[in-house]
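Start at 1 and go down the list; that is how both ligands and their atoms are numbered.
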Amino acid sequence: MDGLTCWLNERKAAGNLRELMPIQRIPGGRIRLPGMPESLPPLLDFSSNDYLALTLHQSVIENSRRFLDSFGAGSGAARLMSGDLEIHHHLEAEVARFKGKESALLFGAGYLANTGVIPALAGRGDVIFSDRLNHASIYDGCLLSGARLIRFRHNNLNHLEECLEKHRGNFQQALVVVESIYSMDGDRCPLKRLIELKSCYSFILMVDEAHATGVFGRSGGGVIEEDGVADHVDISMGTFGKALGSYGAYVAASEEMVRYLVNRARTFIYSTALPPAVIGASLAAISVVREDRKMRSALHKKATLFKKILQQAGLNQDFGPSQIVPLLVRDSNVALEFAADLRKKGIFATPVRPPTVPRGTARLRFSVTLHHSDQVIIDTADVVAEVYNRLMLEKN
Ligand SMILES: Cc1ncc(COP(=O)(O)O)c(C=O)c1O
């Protein structure tokens, strides 16, 4: 058996093999998996990050189409070649306003933003303090940077302070990176306390708001807006591909920082600019999010309802304050079984397993979206709780 086969077989045996599966998306937050008999109703999709259902919002689609017709299918080149269109600047100005910062810079995706910005800010001789549960794109950015990486315990600012106390003095620049809402745990970073640490230890603060933008804050500007800390966050990163229903990413920062990143962030410099249809969709999405506050409160109500039913059914896991609801089962094969049982009952939730999450913390990650009515949320939570409780009883 050659090395690849061996590796794949080992992954499969551990329940950690990832496989692609072309799904069919159906309006109303439903999907069909390959090979599903037509007689069966489509599955309810509880794995999407389309929290506000903006992928199907009429004005988002119309503006995307208008930009496609007016400006063409692609931007033709990287921004620093001839791909720097006026529409990119327009979106950057809107993002800066949305995030309460002076300026903004677009990236091809969140992965590219994190792997470009972090190495631009820290290198050999510097130190990065990164939450242990930060997204892979942040981790990869840290590794690429060549800086000393210190991972502090998840959401534990006492531990971060200990690390700062011990190590900060030994390095030139320091960067602290966190997510405001953690992608696989749904919990929230205590940003206000983190800002207090900034006045004691000098560091650049970068906050990834991939799962908070559009969902938190009075105008949807994220936890940074809700906590009123935009002025203290040096780099506010976010994506268009989740609550904003489109694609791509941005960082919002000072004008000087953005000018610096234009010259230093390699994933910005050496990559084709975002296409017009995506810019059109993102512009419309920001405008919807800013104007329609009811969307946000409706989403939070649904998320609270979902969590409340799970808790009433005896699932006393520590749920965070967000639309992301993880149910830990720990073992990867149990997570696969849990997902398979739910599919039989019409619910699709992806099992999240190592290496996406730490070993021994496999889970099903449910995300609540506006695609689903309150009744669907209630019925789903009932089924999820029943299947989870049965599975736990069998396994323990
Ligand atoms: C916290 C976080 N940051 C960054 C990313 C990457 O964003 P994108 O999907 O736009 O590459 C993700 C995507 O899942 C994420 O969850």
Side-chain angles (χ1 to χ4, degrees), residues 18 20 45-52 54-55 91 95 99 104-119 121 128 130-144 151 154-155 175-189 191 205-216 222-224 233 235-252 265-268 271-275 277-279 281-282 285-286 320-326 349-353 355-358 361 363 365-369:
R18 294 154 158 157
L20 291 171
D45 180 9
F46 272 79
S47 275
S48 158
N49 295 323
D50 185 17
Y51 305 124
L52 299 173
L54 290 188
T55 55
L91 178 56
V95 168
K99 300 299 289 189
L105 189 65
L106 302 178
F107 283 81
Y111 186 86
L112 293 172
N114 285 336
T115 50
V117 170
I118 295 171
L121 294 176
I128 302 173
S130 174
D131 187 288
R132 209 168 262 172
L133 293 191
N134 272 339
H135 189 257
S137 55
I138 298 176
Y139 184 58
D140 290 356
C142 295
L143 293 185
L144 265 176
R151 298 169 85 195
H154 175 55
N155 248 347
L175 173 68
V176 172
V177 200
V178 295
E179 293 177 30
S180 59
I181 295 294
Y182 282 87
S183 61
M184 293 298 146
D185 294 76
D187 52 354
R188 174 173 171 157
C189 176
L191 282 182
L205 176 59
M206 174 166 176
V207 180
D208 179 328
E209 291 233 276
H211 297 274
T213 301
V215 177
F216 288 84
V223 172
I224 288 175
V233 172
I235 308 268
S236 163
M237 175 273 174
T239 67
F240 297 110
K242 304 192 193 304
L244 295 174
S246 158
Y247 188 73
Y250 61 83
V251 296
R266 292 169 66 83
T267 57
F268 170 82
S271 191
T272 301
L274 283 171
V278 162
I279 303 293
S282 299
I286 290 179
S322 75
Q323 72 286 5
I324 298 166
V325 186
T350 327
V352 185
R353 296 158 285 160
T356 303
V357 290
T361 69
R363 68 200 62 187
R365 173 193 183 269
F366 297 87
S367 51
V368 176
T369 70

Quick check against the 3.5 Å criterion: does [X] have a side-chain atom that pairs as donor or acceptor with the backbone of [Y]?
{"X": "T350", "Y": "V352", "result": "no"}
{"X": "N155", "Y": "R188", "result": "yes"}
{"X": "T213", "Y": "E209", "result": "yes"}

(request) Considering only NZ, NE, NH1 and NH2 on the basic side and carboxylate oxygens on the acidic side, decide whether D185 and R363 come within less than 4.0 Å. (result) yes
(request) Please confirm whether R151 makes a cation-pi placement over Y139, using NZ or CZ under 6.0 Å from the six-membered ring centre and within 45° of the ring normal. (result) yes
List ligand 1's nitrogen or oxygen atoms that come under 3.5 Å of a protein nitrogen or oxygen, with the partner atom and distance.
| from | atom 1 | to | atom 2 | distance (Å) |
| --- | --- | --- | --- | --- |
| ligand 1 | 3 (N) | D208 | OD2 | 2.6 |
| ligand 1 | 10 (O) | G110 | N | 2.8 |
| ligand 1 | 11 (O) | G110 | N | 3.1 |
| ligand 1 | 11 (O) | Y111 | N | 2.9 |
| ligand 1 | 14 (O) | H135 | NE2 | 3.4 |
| ligand 1 | 14 (O) | K242 | NZ | 2.9 |
| ligand 1 | 16 (O) | H211 | NE2 | 2.6 |

(request) State which residues pass salt bridge (charged side-chain N to carboxylate O under 4.0 Å, His left out) with D131; sequence neighbours excluded, sorted by chain then number. (result) none
